[in-house]
A.B. asks: 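This is the structure, below, for whatever I ask next.
Counting from 1, the numbers follow the sequence of the chain as shown.
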Amino acid sequence: MILENNYLSVKILPELGGKVASVFYKPASFELAAQSPDGNYRVPQEAWNPSFEKYDASGIDDAFPNIDTAVLEYDGRQLEYPDHGEIWSSAFAVCEQEGAKVRLAFDSERFGYHYEKTLELVGDELVLQYHIVNISDRKFPCIWTFHGLMRYEEDMKLILPEDIEEFRNVSDSDLLGKAGVLYKKDNPVWDFSKVPAKEPQTAMKFYSAGKSTGGRCSLEYPSQDVRCQITYDADKLPWFGVWITAGGFRGDYNLAMEPTNGYYDDVLRAQENDSLCVLEPNEALDFTVRIKMEKISYANMKVYNVLEEPFKIYGLYEPHMLGKFQRMPTETAMSVDNSEIQFHYTNTSGGRIRFCTDSDHIIIRAVMPFNSMTHMPDTGSSCFDLYLDGEYFNVFRPGINLSGGYEDTGRLDDGYQCGYRLDGRKMREVLIHFPLYSNVEQVFIALNEDAKVLPSKEYACEKPIVYYGSSITQGGSASHAGNSYQAIIARSLDVNYVNLGFSGGCRAEEIMAEYISDLDMSVFVYDYDHNAESAEYLEKTHEPLFRKIREKQPDLPVVIISAADRVCGFDEKRRGIIRRTYENAVTAGDKNVYFLDGSRFYQEVGVDLCTVDSVHPNDLGFWCMARAITPVLREILKNRNQ
């Protein structure tokens with residue numbers, strides 16, 4: 001049985017106690033669970049008390065109701081406890097399975113208990129929930145121990161619960177000596193954060209000398225850049241043991257962090273140590289163990305919500321007040337009789353995050369659906385991209401796993417996470433573009449824990465240029481968000497902007513004209529042509545929108561653009577309608593209106609090289625558009641600043 005998501009692939013064997021035979025962490029191609037040497041998982045054939053040593057000792061098992069064999073006289077009856085308990089060798093029923101979650105169950109005839117284990121993948125975690133009920137009419141003494149045999153590497157590091165100050169050696173060992181010896185956490189004999197070398201072959205086992213309330217331990221694999229963190233209910237599992245075999249048991253190499261509710265290993269010893277769990281009739285024992293996988297390079301990071309200071313958000317409508325990302329008010333978008341605006345106004349085209357930091361890691365975690373489009377790369381439609389000190393660095397791309405410092409957790413169930421290692425620690429100006437065609441719900445950025453994080457400098461022109469137009473204006477089909485023509489212009493002129501491009505939805509309705517005319521802007525760029533259903537509709541709506549703008553803002557510079565592509569750009573009638581809006585304004589004495597003939601934008605290199613489908617620009621097409629529009633905007637801004 002396999003549970004799988006974008007982080008983990010987990011193999012479960014219901015016929016062997018619900019053993020977790022594999023925990024494969026996809027972002028690092030890393031197997032956590034100790035593997036069976038021959039790859040076979042044999043089901044014990046003995047009717048009772050099979051020897052754990054004779055069978056497969058790998059993967060993650062549950063040791064219940066004991067570890068060591070024992071016979072206990074309790075409450076008027078004699079109870080015989082098998083080697084490592086009876087769960088590991090028993091067949092479980094699959095009671096429920098849905099998606100990345102399964103519930104298994106087993107009823108013990110010998111001891112009279114009901115045992116349920118639910119395994120679920122939640123992001124980068126395997127969550128194990130336990131429900132154990134004494135269904136007999138007698139008291140039931142028992143010990144539960146997490147028996148997770150994990151991968152062994154000589155350079156691995158053990159991070160034990162931080163409140164444990166002393167450990168007791170419970171097994172004769174070449175390294176720790178005789179059983180029973182107490183060791184301080186810091187001692188000259190053994191470093192409890194390490195494992196023995198593979199030679200000479202040895203094994204060891206030690207326990208916390210007292211109860212622990214920490215509820216957390218970790219295994220770090222530096223050579224693999226991976227950390228496994230195990231959290232558990234310390235109030236239910238207050239004792240903590242560690243088993244390590246470096247070839248000293250059957251020639252195996254593995255180790256287990258063992259939170260438990262009994263000290264230690266068998267019920268007789270636990271009774272002597274006043275730590276035996278006894279379930280009354282109908283009493284339940286419920287607890288949770290969580291196994292979280294992460295890259296170590298992500299571990300010493302501080303995570304920021306980009307809606308917090310000192311991060312600045314540009315190009316989106318009041319994100320700090322709304323707590324979400326969209327390009328215009330919901331009420332306005334929904335009042336327009338235009339399904340394309342209602343669909344696309346939450347797309348984040350034109351959105352930007354700006355800040356300064358000296359972190360040498362920048363990791364982004366985006367909660368969002370991933371929007372793949374037939375004529376546009378995912379890197380443009382659904383990915384963020386990164387500029388450092390004004391220069392393009394790369395796109396945050398999920399699922400690529402590139403070499404050269406690329407950190408990639410990949411596609412998640414609710415978005416994606418990935419990032420970059422930068423070359424050294426120095427203060428940098430960071431610009432991150434939002435995706436052009438996706439709805440982004442939340443954005444988090446992880447930086448070095450000790451990194452400085454400061455506000456970015458302001459734009460030379462903070463009052464935005466507002467662009468209104470079709471899918472071309474929205475950014476289709478740029479290879480990444482920073483290559484839309486508005487983004488290219490913004491970096492060239494150091495200006496803020498708002499992108500009101502709506503794929504299939506630019507129709508100059510009265511409500512949109514009213515909304516745009518009320519915006520506080522430095523320039524209005526009017527790129528309206530494609531989505532007019534006919535030349536007659538274009539003639540009916542093009543000039544009225546301009547007049548509404550001029551009525552509200554008589555001195556606002558307005559740049560009117562005709563289409564550049566083969567479909568509309570070569571249509572003399574449509575271009576004539578657009579040019580007439582400009583000429584009528586000039587005739588009326590308007591000195592703040594400009595016209596750019598889009599049919600000339602691609603003239604030098606050709607429409608075939610500048611578009612993906614004779615309509616939507618590729619990166620070269622957007623560069624040609626920016627090259628034509630930038631000089632006009634530069635002159636406008638220069639004149640306004642004089």
Side-chain angles (χ1 to χ4, degrees), residues 328 332 459-470 472-473 485-486 489-490 492-493 495-501 506-532 534-564 568-601 603 625-642:
M328 61 186 295
T332 304
Y459 281 109
C461 180
E462 278 278 306
K463 185 181 290 188
I465 298 173
V466 173
Y467 298 85
Y468 176 61
S470 64
I472 294 172
T473 306
Y485 78 81
Q486 304 92 341
I489 292 170
S492 174
L493 300 180
V495 295
N496 187 15
Y497 69 96
V498 170
N499 187 326
L500 294 180
C506 179
R507 296 174 194 151
E509 299 92 341
E510 288 185 20
I511 293 175
M512 286 302 298
E514 194 70 38
Y515 172 68
I516 293 170
S517 66
D518 285 333
L519 295 176
D520 186 19
M521 48 189 159
S522 60
V523 184
F524 178 56
V525 179
Y526 187 22
D527 186 13
Y528 166 48
D529 185 344
H530 292 84
N531 300 149
S534 63
E536 289 71 28
Y537 183 88
L538 182 65
E539 187 167 27
K540 180 181 176 182
T541 54
H542 193 276
E543 191 165 350
L545 188 148
F546 170 78
R547 289 177 180 172
K548 175 60 70 173
I549 301 288
R550 187 51 79 227
E551 174 190 326
K552 293 284 189 69
Q553 302 194 49
D555 297 322
L556 177 72
V558 177
V559 179
I560 297 172
I561 300 175
S562 67
C568 293
F570 294 177
D571 189 319
E572 293 293 342
K573 184 176 182 179
R574 296 177 75 103
R575 187 162 71 251
I577 292 168
I578 294 168
R579 186 175 181 86
R580 241 184 340 266
T581 298
Y582 162 73
E583 291 172 343
N584 290 343
V586 171
T587 300
D590 196 322
K591 299 185 183 304
N592 279 315
V593 63
Y594 305 82
F595 174 74
L596 289 171
D597 185 351
S599 67
R600 299 180 180 179
F601 288 174
Q603 222 170 40
M625 292 184 70
R627 182 181 62 168
I629 299 167
T630 297
V632 176
L633 293 176
R634 179 183 288 113
E635 190 65 24
I636 290 171
L637 295 173
K638 178 182 174 182
N639 292 337
R640 286 180 69 87
N641 291 330
Q642 289 178 348

A.B. asks: Got a second to check how far Lys463's NZ is from Met521's CE, nearest 0.5 Å?
C.D. replies: 10.0 Å
A.B. asks: Test Glu514 against Lys552 for side-chain contact (heavy atoms from CB on, under 4.5 Å), laying out the working first.
C.D. replies: CA-CA 9 Å; Glu514 194 70 38; Lys552 293 284 189 69; 2.6 Å; yes
A.B. asks: Is it true that a side-chain atom of Arg579 and a backbone atom of Tyr582 form a donor plus acceptor pair closer than 3.5 Å?
C.D. replies: no
A.B. asks: Nearest 0.5 Å, please: how far is SG in Cys506 from NE2 in His530?
C.D. replies: 10.0 Å
A.B. asks: Working to the nearest 0.5 angstrom, can you tell me the gap between Asp518 CG and Gln553 CD?
C.D. replies: 8.0 Å
A.B. asks: Determine yes or no for a side-chain-to-main-chain donor-acceptor pair under 3.5 angstrom, with Thr541 supplying the side chain and Ala508 the backbone.
C.D. replies: no
A.B. asks: Can you check whether Asn592 reaches Leu556 side chain to side chain, under 4.5 Å on heavy atoms?
C.D. replies: no
A.B. asks: Could you tell me the separation between the CD1 atom of Ile561 and the CG atom of Asp529, rounded to the nearest 0.5 Å?
C.D. replies: 11.0 Å
A.B. asks: For Ser492, enumerate each residue passing the side-chain contact (heavy atoms from CB on, under 4.5 Å) test, keeping only those at least two apart in sequence or located in another chain.
C.D. replies: Thr630, Arg634
A.B. asks: Under 4.5 Å between any side-chain heavy atoms of Arg575 and Ser599, yes or no?
C.D. replies: yes
A.B. asks: Between Asp590 and Phe546, does the side-chain contact (heavy atoms from CB on, under 4.5 Å) criterion hold? Intermediate values first, please.
C.D. replies: CA-CA 12 Å; Asp590 196 322; Phe546 170 78; 3.5 Å; yes
A.B. asks: Which atoms form the tightest heavy-atom contact between Pro631 and Ala626, and what is the distance?
C.D. replies: CD-O, 4.5 Å
A.B. asks: Answer yes when Glu583 and Arg580 have at least one side-chain N-carboxylate O distance shorter than 4.0 Å, and no when they do not.
C.D. replies: no
A.B. asks: Below 4.0 angstrom, N of the basic side chain to O of the carboxylate: do Glu536 and Lys573 qualify?
C.D. replies: yes
A.B. asks: Could you report the tightest heavy-atom contact between Leu637 and Cys461, atom names first, then the distance?
C.D. replies: CD2-SG, 4.1 Å
A.B. asks: Testing the basics here: between Pro464 and Val498, what is the closest heavy-atom pair and its distance to 0.1 Å?
C.D. replies: CB-CG2, 3.9 Å
A.B. asks: Would you say the side-chain atoms of Asn639 pair up with the backbone N or O of Glu635, donor to acceptor, closer than 3.5 Å?
C.D. replies: yes
A.B. asks: Give, for atom CD of Glu543 and atom CD1 of Ile578, the distance between the pair rounded to the nearest 0.5 Å.
C.D. replies: 12.0 Å
A.B. asks: For Tyr526 and His542, indicate whether the former's side chain and the latter's backbone hold a donor-acceptor pair under 3.5 Å.
C.D. replies: yes
A.B. asks: Could you check whether any side-chain heavy atom of Tyr515 comes within less than 4.5 Å of a side-chain heavy atom of Leu500, counting everything from C-beta outward?
C.D. replies: yes
A.B. asks: Okay, side chain of Tyr537, backbone of Arg507: is any donor-acceptor separation there less than 3.5 Å?
C.D. replies: yes
A.B. asks: Mind checking whether Tyr485 and Tyr467 have ring centres under 6.0 Å apart?
C.D. replies: yes
A.B. asks: To check you understand the geometry: which heavy-atom pair defines the closest contact between Arg640 and Asp555, and what is its length?
C.D. replies: NH1-O, 3.6 Å
A.B. asks: Please examine the side chains of Val466 and Val523, heavy atoms only from C-beta on, and report whether any two atoms are closer than 4.5 Å.
C.D. replies: no
A.B. asks: Just so I know, are the side chains of Phe524 and Pro557 near enough to count as touching, which here means a heavy-atom distance under 4.5 Å?
C.D. replies: no
A.B. asks: Are Met625 and Ile472 close enough, and set up right, to give a side-chain contact (heavy atoms from CB on, under 4.5 Å), and what steps lead you there?
C.D. replies: CA-CA 10 Å; Met625 292 184 70; Ile472 294 172; 4.0 Å; yes
A.B. asks: Answer whether the closest heavy-atom distance between the side chains of Ile489 and Tyr497 falls below 4.5 Å.
C.D. replies: no
A.B. asks: Determine, step by step, whether Met328 and Met512 satisfy the side-chain contact (heavy atoms from CB on, under 4.5 Å) criterion, reporting the C-alpha distance in whole Å, the side-chain angles of both residues, the deciding distance to 0.1 Å, and the verdict.
C.D. replies: CA-CA 10 Å; Met328 61 186 295; Met512 286 302 298; 3.7 Å; yes
A.B. asks: Specify the closest pair of heavy atoms between Ser470 and Asn531, including all atoms of both residues, with the distance to one decimal.
C.D. replies: CB-OD1, 3.2 Å
A.B. asks: So do the side chains of Arg574 and Glu539 get within less than 4.5 Å of each other, counting heavy atoms only?
C.D. replies: no
A.B. asks: Measure from the side-chain N and O atoms of Asn496 to the backbone N and O of Glu462, and report whether any donor-acceptor pair falls under 3.5 Å.
C.D. replies: yes
A.B. asks: Atom CD of Gln486 and atom CD1 of Ile465: how far apart are they, to the nearest 0.5 Å?
C.D. replies: 10.0 Å
A.B. asks: What residues, two or more places apart in sequence or in another chain, satisfy side chain to side chain donor-acceptor pair (under 3.5 Å) together with Arg600?
C.D. replies: none
A.B. asks: Do Ile636 and Val559 have side-chain heavy atoms sitting under 4.5 Å apart?
C.D. replies: yes
A.B. asks: Say whether, by atom type as modelled, one donor and one acceptor occur between the side chain of Ser562 and the main chain of Gly598 under 3.5 angstrom.
C.D. replies: yes
